[in-house]
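Have a look at the structure below, then the notes.
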Amino acid sequence: MNTLSPRNSILGVDAYFQGNHPMPAASETVRVRFAPSPTGYLHIGGARTILFNWLVARKAGGCMVLRIEDTDQARHVEDSVQKILDDLRWLGLTWDEGPEAGGDYGPYFQSQRLDIYNQYMQQLLESGRAYYALETPQELNDMREKAKKEHGGFRYPRPNPLPTIEQGQQAKQEGQRVVVRCKMPDEDITVHDSILGDVTLTADQFEDFIIQKGDGYPTYHFACVVDDALMKITHVLRGQEHLMNSHKHVALQRALGFPTPIYGHMPVIFNMDGSKMSKRDKEKAIKAGLAPPEIEVHDFRTAGFLPEAILNFIALLGWSTGDDKETYTLDELTQAFSMERIGKTNAKFDRAKLLSFNTDWAARLPEAKLLERLKDYAAINDLPMQSANDDMLTRLLQACAGFRTFADLQKKIGFLFVQDQAIEYDPKAVKKVLAKNDNAGFSILAQTQTKLESLEHFTKASIEALVKDLCDSLDTKMGNIAQPIRVAVSGSTVSPSIGETLELLGKERTLNRINKCLAILA
RNA sequence: GCCCCCAUCGUCUAGUGGCCUAGGAUACCGGCUUUUCAUGCCGGCGACAGGGGUUCGAGUCCCCUUGGGGGUGCCA
């Protein structure tokens, strides 16, 4: 599946070096990548990054590569690769190469590619495009602080003369932690960004940045450039926070003789208050006694959102077609997508609008799909609902039509999966619906109970007819009869329509619960 | 501090010099539907950050100011 790219030819490379930013030739396979670092769950911003990359690949019939950037030993979180993979699958964003998929350009874990990096590192060292730097972290820190105090900014001063390779290796042998820095060329660098246009940084703004850490691991910049080249990545779509990195990457590509991929730096997603969406927000909210906001994809999954809605919503964060259509399936997105229409402005993540998208998707998703999603929701939250079979769950879906999230659905029908004796009555509901007006609700409930007892066919239709009759004979509104029953059997004022509610529960359990409820009075 | 990016309703956005008395969505407000919660339907409120240019004409082009964001890590 991996055709050899014409970019391998000198001509291709040259074309890239001209900075003309050619679109890949028609014959060239478009290859994009998503490269998360395994520090936790998949962030919602990361989801949009992979979505846009995925769309570019799918649209062009290209290849989606998943690469794990695990070069930071300290921040590595156990299990997070599996968690990221799992949420990606849930979203339906598949990858053609990477963990569990294999591919011709592996390994796809950077921690397993150290030999490769070392080889190119050596090449740079020997060609004089990189050099060993002997400062300790402490020394650098001091320099930085001093510079900050004096003129606000710090730029690593290139040693003169540069330490030789021999000096560097000797220092290493003596047990010193030595880093490698890239020797930046004395020339301006222009990055051609397909979203933002040309961005030029002048030579005096560069510093010799670190490409190999003291522990021997490459830094992000180096590993990323080497891997993108070796994995034949043609398009790099990433967050705008990487814009300033791309000049370093271009410098590295030139030093190594690699082509420069097509770059696109996407706008960033923020909270409604303009702050960064961070998993720390959750801890903060909990400390403040508030419900934690959804930040990672998994949070939305647990909260009962549909992947279809999330994908649709985040696709429209920083991208639009120009027409009024707002509802898109993944296939429709693939059809409609184009990099040219990605915007430049940062977006705020409006959960209220996501909720509206979710409501919409819950109503339009085919039943079988919705059922599958509901089962995932039940499993992930370990809900008693899991015991229900598909027919039952489908009925619940229908009974709750119009629900916003699965969490709302759960709230509405959770009472079905509780033992009759374990029903808890919401005091507010009891007061408002049953106790008010000298226990009017209780008295209606008692009357209804007798009627229900003698009802032979305990179905939605017959129950509704019964309630309607009672309604007429007592000359009262439906609500005055339905609500007391609803509270009696569910404990709360919210449930499906009253006929549906009782039929789902069944005659025996309905009567049990009404009895239990009437006992409150005693 | 220095460097870079960005700027239309509260929010997501359409708009590429005349089609804009600025369109859609969402939120909000009001009404209708309704046995609860939702859904659904109808209506309303609501924006070109400010100032200079260019032009017959500017939301659209240029400059400045302001505001927001990013970078300035042996994080990615």
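Every chain is numbered from 1 and lettered A, B, ... according to where its sequence line falls, protein lines coming before strand lines. Because only heavy atoms are used, hydrogens play no part in the values below, and waters and symmetry mates are left out as well, while side chains stay in.
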In whole angstrom, what separates E139(A)'s CD from rG73(B)'s P? 17 Å
N or O in side chain of K213(A) less than 4.0 angstrom from rA76(B) OP1/OP2: yes
Under 3.5 Å for both donor-acceptor distances, Watson-Crick or wobble: does rA49(B) have a partner, and if so which one? rU65(B)
Choose from rU39(B), rC75(B), rC74(B) the nucleotide whose nearest atom is closest to any side-chain atom of D72(A). rC75(B)
Calculate the interatomic distance between I189(A) atom CD1 and rC3(B) atom P; express it in whole Å. 18 Å
Does a side-chain N or O of T345(A) approach OP1 or OP2 of rA7(B) to a distance below 4.0 Å, or not? no
Euclidean distance, L470(A) CG relative to T476(A) OG1, rounded to 0.5 Å: 9.0 Å
Report the distance from atom CG of L140(A) to atom C1' of rG73(B), rounded to the nearest whole Å. 10 Å
Pair assignment for rG18(B), Watson-Crick or G-U wobble, requiring both distances under 3.5 Å: rC56(B)
Hey, is CG on D198(A) packed in by over 12 heavy atoms from elsewhere, all under 6.0 Å? yes
Q240(A) side-chain proximity, nearest of rC5(B), rC12(B), rC37(B): rC5(B)
In whole angstroms, how far is the C1' atom of rA25(B) from the CG atom of L317(A)? 13 Å
F209(A) has an atom CZ; how far is it from atom P of rC74(B), in whole Å? 12 Å
Between I195(A) and V494(A), name the one whose nearest nucleotide on RNA chain B is closer to the 5' end. I195(A)
Looking at every strand, decide which applies to P36(A) at a 4.0 Å heavy-atom threshold: base, sugar-phosphate, or nothing. nothing
Answer with yes or no whether K353(A) presents, from its side chain, a donor or acceptor under 3.5 Å of a partner atom in the base of rC12(B). yes
rU66(B) and rG30(B), which share atom name C1', separated by this distance in whole Å: 38 Å
Start at the 5' end of RNA chain B and walk down; is the nucleotide closest to Q110(A) or to G274(A) reached first? G274(A)
Going by modelled atom types, is there a donor-acceptor pair between the base of rG23(B) and the side chain of D324(A) at under 3.5 Å? no
Does rC74(B) have its OP1 or OP2 closer than 4.0 Å to a side-chain nitrogen or oxygen of R144(A)? yes
C1' atom, rA27(B) versus rC20(B): distance in rounded Å? 24 Å
Report the distance from atom CZ of R364(A) to atom NZ of K369(A), rounding to the nearest 0.5 Å. 15.5 Å
Please give, in whole Å, the distance from rC37(B) C1' to L397(A) CG? 16 Å
Would you please indicate yes or no on a ring centroid separation below 6.0 angstrom for F305(A) and F313(A)? no
Between Y263(A) and H247(A), does the ring centre distance come in under 6.0 Å? no
Checking N1-N3 plus N6-O4 or O6-N4 for Watson-Crick, or N1-O2 and O6-N3 for wobble, each under 3.5 Å, the partner of rG1(B) is rU72(B)
Is a donor from one side chain sitting under 3.5 angstrom from an acceptor on the other, for Y156(A) and E135(A)? yes
Nearest-Å distance for atom pair CD/P, residues E207(A) and rC74(B): 8 Å
From the set rC74(B), rU36(B), rC5(B), return the single nucleotide nearest to any side-chain atom of V199(A). rC5(B)
